[in-house]
Protein chains: 2
Amino acid sequence: MISGKAIEAARLLDRLQRLARAGELAGDLNPAQWDALRYLARANRFSRTPAALADYLASTRGTVSRTLASLEAKGYVRRAGNLRDGRSVEFTLTKKAADTLKQDPLLLVAKDIEKAAGRGLPDILESLREMLRTAIARNEGRAFGICVSCRYFRANQRMGPSPHHCALLDQPLSDADSEAICVEQEPRAA
Amino acid sequence: MISGKAIEAARLLDRLQRLARAGELAGDLNPAQWDALRYLARANRFSRTPAALADYLASTRGTVSRTLASLEAKGYVRRAGNLRDGRSVEFTLTKKAADTLKQDPLLLVAKDIEKAAGRGLPDILESLREMLRTAIARNEGRAFGICVSCRYFRANQRMGPSPHHCALLDQPLSDADSEAICVEQEPRAA
DNA sequence: CCATATAGTTTCGACTAGCAACTATTTATG
DNA sequence: CATAAATAGTTGCTAGTCGAAACTATATGG
């Protein structure tokens, strides 16, 4: 029913993950904090909230709230209220966080992958994408894909620095926005 | 220097890991406890110690000691002293643990992998093996490969239920032993 | 025989984690 | 429009990970 190869692959993934995790435990940040910083570095302004982060991490609002509080106390993130919705808060990275992310231990993993996969990397990548899609579907999670690939993305709707448009939130989007990940993203094709 | 594809692959791996981890948080066990049970299920008798487990998990003796204590309190593992070395203890799984492992959430990951990788699975597997080798080398960790693939493994040295032999520890090995993972394993080829 | 190494445990402080109770909005509905 | 229900976020609780370091006990090597 489940092949031995698939089980071995799952075990390898699990072990790889443990090693990567161990690398994230050194220093001032722990794995959850690293994941939060990485997320905030890539998420658009509609998605830099505790709730979206909790969704992304398959965690809870309570846990994420504490993680963000400790990142704030350590000076990695800044908190700002949302003018439209008084309940919501938005987090942004500080310069300290941006500098820290340049030494992201995930880059070491990427280096290992590059070294190990060689010319097979494109195939591996496609398989990993498919695995993630499958896993997300099973967990009933959100995709968090990039804005430009979303069914609600409308390119070049006007002139100026934010030429694109989100048809779901009815908000203008810059080029940078369009490359960020979004909590609301839904793939274009049905 | 590091390709975008390698970084994307690392991110996918990280996210995949978060989802898998979330699946391990439900129920009576947490991710570290699942990892400990899986290890004990596969490790030979020379390797079912806190120190070996700590090595395997890239953790510390202190943490593993606590993890094993809580598994013992919950009835998943049993503790036994080592007759040769009074300092050492050996852990074995209870029936409860064996039954629990039949519902291992890692099997769901394996199912996802099978579904997503399709006929590409053998290639993926080979890449994952290579990635793990690379990551282990970088972390100066032990391989924990299976006994039969070890340079110290000697097949069919005698008659009876334990025909094989470990040339490092000078101990007889059964067929089952030879398929278990070992803290001392070193690949055959130099 | 004693110094040193090794196996394991324990304590401490920071933190993740789920759960549930809680506050403060916002939105929906009668 | 007033109130109920939903939503965003925080906080108290308990269990447990995690590193670091102190600690106990046993082995081993000069």
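Because the structure is predicted, anything quoted here is derived from the model rather than measured. Each chain gets a letter, A, B and so on, in the order its sequence line appears, and its residues count up from 1.
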Assign B:Ser88 to base, sugar-phosphate, or nothing according to its heavy-atom contacts below 4.0 angstrom with the strands shown.
-> sugar-phosphate

Describe the nucleic acid contact of A:Arg18 in one word from base, sugar-phosphate, nothing, applying a heavy-atom distance below 4.0 Å.
->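 Sugar-phosphate contact only.
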
Protein-nucleotide distance ([X], atom [atom1]; [N], atom [atom2]), rounded to Å:
| X | N | atom1 | atom2 | value |
| --- | --- | --- | --- | --- |
| B:Arg21 | D:dT17 | CZ | C1' | 9 Å |
| B:Glu90 | D:dT26 | CD | P | 18 Å |
| B:Asn82 | C:dT6 | CG | P | 17 Å |
| B:Phe91 | C:dG8 | CZ | C1' | 9 Å |
| B:Leu71 | D:dA15 | CG | P | 16 Å |
| B:Arg66 | D:dA20 | CZ | P | 16 Å |
| B:Glu24 | D:dT17 | CD | C1' | 14 Å |
| A:Leu57 | C:dT16 | CG | P | 11 Å |

Phosphate oxygens OP1/OP2 of [N]: is one of them under 4.0 Å from a side-chain N or O of [X]?
| X | N | answer |
| --- | --- | --- |
| B:Thr63 | D:dC18 | no |
| B:Thr60 | D:dC18 | no |
| A:Arg79 | D:dT10 | yes |
| B:Gln33 | D:dA15 | no |

Check: A:Arg78 side chain, A:Gly75 main-chain N or O, donor-acceptor pair, under 3.5 Å = no

B:Ala43 backbone acceptor or donor facing B:Arg48 side chain under 3.5 Å |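 Present.
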
Closest to the 5' end of DNA chain C, once A:Asn30 and A:Gly86 are matched to their nearest nucleotides, is A:Asn30

Most 5' of A:Asp85 and A:Lys74 on DNA chain C, judged by nearest nucleotide = A:Lys74

Is any side-chain heavy atom of B:Val77 closer than 4.5 Å to a side-chain heavy atom of B:Thr92?
-> no

Check: D:dT7 base within 3.5 Å donor-acceptor of A:Arg87 side chain |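 When only heavy-atom distances are counted, A:Arg87 does reach the base of D:dT7 through a donor-acceptor pair under 3.5 Å.
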
Side chain B:Arg61 and base D:dG19 donor-acceptor under 3.5 Å |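 Flag unset: no donor-acceptor pair detected.
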
Say whether B:Tyr76 and B:Asp28, considering side chains only, have a donor N or O and an acceptor N or O under 3.5 Å apart.
-> yes

Out of B:Lys74, B:Glu24, B:Arg38, which residue meets the side-chain hydrogen bond (donor to acceptor under 3.5 Å, both in side chains) rule with B:Gln33?
-> B:Lys74

Which nucleotide sits closest to the side chain of A:Ser59: D:dG16, D:dC18, C:dA17?
-> C:dA17

Nearest-nucleotide 5' precedence on DNA chain D, A:Ala51 against A:Leu25 | A:Ala51

